[in-house]
Amino acid sequence: MRVTWSGTTGATGMELSFRLDPEDEITGKASDDYPVKLATNSCSIGGTPADAHPDLFALAAWTIVAPWTRKQITFDRAISPGLAQALHDGWGIEAGPVGAEPRPAGSTLAISYSGGADSVAAATMYAEAPFVHFRRVAHPRIPNRWTHYRSDVLAELAAQTGRELAMVTSDLEFTLAEPRPGYPEHHAVAAGALLLADRLNLGALGFGYELGSRWLGGDRYLGHFTPDNRMWAAHGAWGRLFAAVGVHIVLPVGGVSEAVTMRLALESGLKDQVRWCLRGTDGPCRVCGKCLYKELIQAAVERRPLDTPLTAKSKPAQKWLERPPYGGQEMVEYGLARIPDIEHTLFAKALDYFDATEESTSWLDHCYPPAIDEIPPRWRDQANAFITANVGYMTPDEIRRVETWGL
């Protein structure tokens, strides 16, 4: 793989182009083993400078081209030995040319802000952290097959938060032909933040990934305890790679469930800007699969009946009529145990597969301690104080529930 960045100092964006080597393939797999097919070999990232450290350019490119790179990658500027070593250790990739000095870590933690409940909860923990928001824009050569995705609405809501905000625009999601426009790697959402890292003095970037994504396998992973999660563990391949460029991955809410992040978001000063739906304009669309899943969680947190226009015949409901395992299964159990009259809803069939009670799911109301331990020391005390005051830590028995999940 050969990558080239173009742009000039003072410009408001950068262009990335890449060329596959003979051994590279247009169909590859992301770090979570999800298959992705390449559509085009260029993209742009707006709102970013042209004078970032070369390691930042290299990592931003790697978040985009990693699924299709097999043996080696050649950047258009020299990188540090530490970054080259991290790429080799994590992926077996030979990277070069090598010759740059390492980028020193900054002192600021920013939030990669999506506006969803998990992201808002992370932002609430670090109330002074600036936001970097990624906004999808059209690609000049690739038709938009996902016109219902309202990135403009999400960007407007981010601007209403009153927080220091850097808006990054990019068409990088259109590098995917299959399964649909999206991030080649989950970490590509950070490509713009990486190019802004010097300007923002970043030493860490906070993501809204929670307990299910970090420790319980997540939606695309094997459904069991994942202490060595390749994507989000501080000691995993991506964690080491980000650390090599002086921007640590931080998961402020990595130890709590989506029930907790929902509660924290709806109790926060940003509650009016919370939006997990990618389709709605004046509010959530209420008829997509994500709205249904989040309604299950919100109803459970608020101890009220399910409020959805969807029925068991609707397409988003079909997976809940099948046998488990489910993505987010811990939250399904949590909802089944708390929502009044759940047996009269489209989740009724799921009751046949679980014997969930409030007691059996109470561990999901507390924080898994190792998640706070893996936050770098500079930002750990603030996270610990917030969790102690607003959530509380798991007991030894509850910790065992996490560490035996799916095993």
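Considering all non-hydrogen atoms of both residues, Val274 and Gly116 come closest at CG1-C, 4.3 Å. Closest non-hydrogen pair, Val250 versus Ala204, comes out as CG2-CB, 3.7 Å.
Using a 4.0 Å cut-off between charged nitrogen and carboxylate oxygen, Arg214 and Glu374 count as a salt-bridge pair. Salt-bridge annotation for Asp55 and Arg77: absent, with no side-chain N of the basic residue lying under 4.0 Å from a carboxylate O of the acidic one.
Partners of Asp198 according to the salt bridge (Lys or Arg N to Asp or Glu O under 4.0 Å) rule, which considers only residues two or more places apart in sequence or in another chain, are Arg103. For Phe75, there are no ring-ring contact (aromatic ring centres under 6.0 Å, His included) partners, not counting sequence neighbours. Residues meeting the salt bridge (Lys or Arg N to Asp or Glu O under 4.0 Å) test with Glu322, sequence neighbours left out: none. Residues passing the salt bridge (Lys or Arg N to Asp or Glu O under 4.0 Å) test with Asp373: none are found, sequence neighbours excluded. Scanning for side-chain hydrogen bond (donor to acceptor under 3.5 Å, both in side chains) contacts around Glu330 gives an empty result, with sequence neighbours left out. Applying the side-chain hydrogen bond (donor to acceptor under 3.5 Å, both in side chains) test to Glu185 and every residue at least two apart in sequence or in another chain returns Ser31. In terms of the side-chain hydrogen bond (donor to acceptor under 3.5 Å, both in side chains) criterion, Tyr353 has no residue partners (sequence neighbours excluded). For Arg19, there are no salt bridge (Lys or Arg N to Asp or Glu O under 4.0 Å) partners at least two apart in sequence or on another chain. For Arg135, there are no side-chain hydrogen bond (donor to acceptor under 3.5 Å, both in side chains) partners two or more places apart in sequence or in a different chain.
Pairs engaging residues 81-124 under the ring-ring contact (aromatic ring centres under 6.0 Å, His included) rule: Trp62-Trp91, Trp91-Trp238, Tyr113-Phe131 [sequence neighbours left out].
A ring-centre distance under 6.0 Å is found for Trp215 and Tyr368. A distance below 6.0 Å separates the ring centres of Tyr183 and Phe134.
Going from atom OG1 of Thr4 over to atom CG of Leu16 covers 8.0 Å, rounded to the nearest 0.5 Å. We find the CD1-CG distance between Ile142 and Leu176 to be 10.5 Å, quoted to the nearest 0.5 Å.
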Give the intermediate values and the outcome of salt bridge (charged side-chain N to carboxylate O under 4.0 Å, His left out) for residues Asp171 and Arg141. CA-CA 10 Å; Asp171 55 14; Arg141 295 186 306 280; over 6 Å; no
Show the numbers, then the answer: is there a ring pair (Phe, Tyr, Trp, His ring centres under 6.0 Å) between Tyr326 and Trp320? CA-CA 8 Å; Tyr326 308 129; Trp320 310 117; 5.2 Å; yes
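Glu128 CD: more than 12 foreign heavy atoms inside a 6.0 Å radius. Within 6.0 Å of atom CD in Glu164, 12 or fewer heavy atoms from other residues, nucleotides or ligands are found, so the atom counts as exposed in its surroundings.
Side-chain contact between Phe57 and Asp76 is absent, with no heavy atoms from C-beta onward closer than 4.5 Å. By the 4.5 Å heavy-atom criterion applied to side chains, Leu346 and Thr311 are not counted as neighbours. With contacts defined as side-chain heavy-atom distances shorter than 4.5 Å, the pair Asn229/Trp232 qualifies. The closest side-chain heavy-atom distance from Glu398 to Ser362 is below 4.5 Å. Within the 4.5 Å cutoff, side-chain heavy atoms of Leu165 are placed close to those of His133. Counting heavy atoms from C-beta outward, Cys288 and Cys277 have side chains that approach closer than 4.5 Å. The shortest side-chain heavy-atom distance between Gln329 and Trp405 falls under the 4.5 Å cut-off. Using a 4.5 Å heavy-atom cutoff, the side chains of Leu194 and Phe242 are in contact.
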Please output the side-chain donor-acceptor pairs of residues 20-28 that fall under 3.5 Å, not counting sequence neighbours, one pair per line with the distance.
from  : atom 1 : to    : atom 2 : distance (Å)
Asp21 : OD2    : Met1  : N      : 2.4
Asp24 : OD1    : Arg70 : N      : 3.0
Asp24 : OD2    : Met1  : N      : 3.0
Asp24 : OD2    : Asp21 : N      : 2.8

Check residues 251-265 and write down every donor-acceptor pair under 3.5 Å in which the side-chain atom is one partner and the other belongs to a residue at least two apart or another chain.
from   : atom 1 : to     : atom 2 : distance (Å)
Ser257 : OG     : Ala259 : N      : 3.3
Ser257 : OG     : Val260 : N      : 3.4
Ser257 : OG     : Leu364 : O      : 2.6
Glu258 : OE1    : Lys294 : NZ     : 3.0
Glu258 : OE2    : Tyr293 : OH     : 2.5
Thr261 : OG1    : Asp118 : OD1    : 2.5
Thr261 : OG1    : Glu258 : O      : 3.1
Arg263 : NH1    : Glu267 : OE1    : 3.3
Arg263 : NH2    : Asn390 : O      : 2.8

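Between the side chain of Ser80 and the backbone N or O of Glu101, no donor-acceptor pair lies under 3.5 Å.
Side-chain polar atoms of Arg199 and Thr48 form no donor-acceptor pair below 3.5 angstrom. Between Gln273 and Glu156, the side chains place no donor N or O within less than 3.5 Å of an acceptor N or O (distance only, hydrogens not considered). No side-chain N or O of Asn144 forms a donor-acceptor pair with one of Tyr149 less than 3.5 Å apart.
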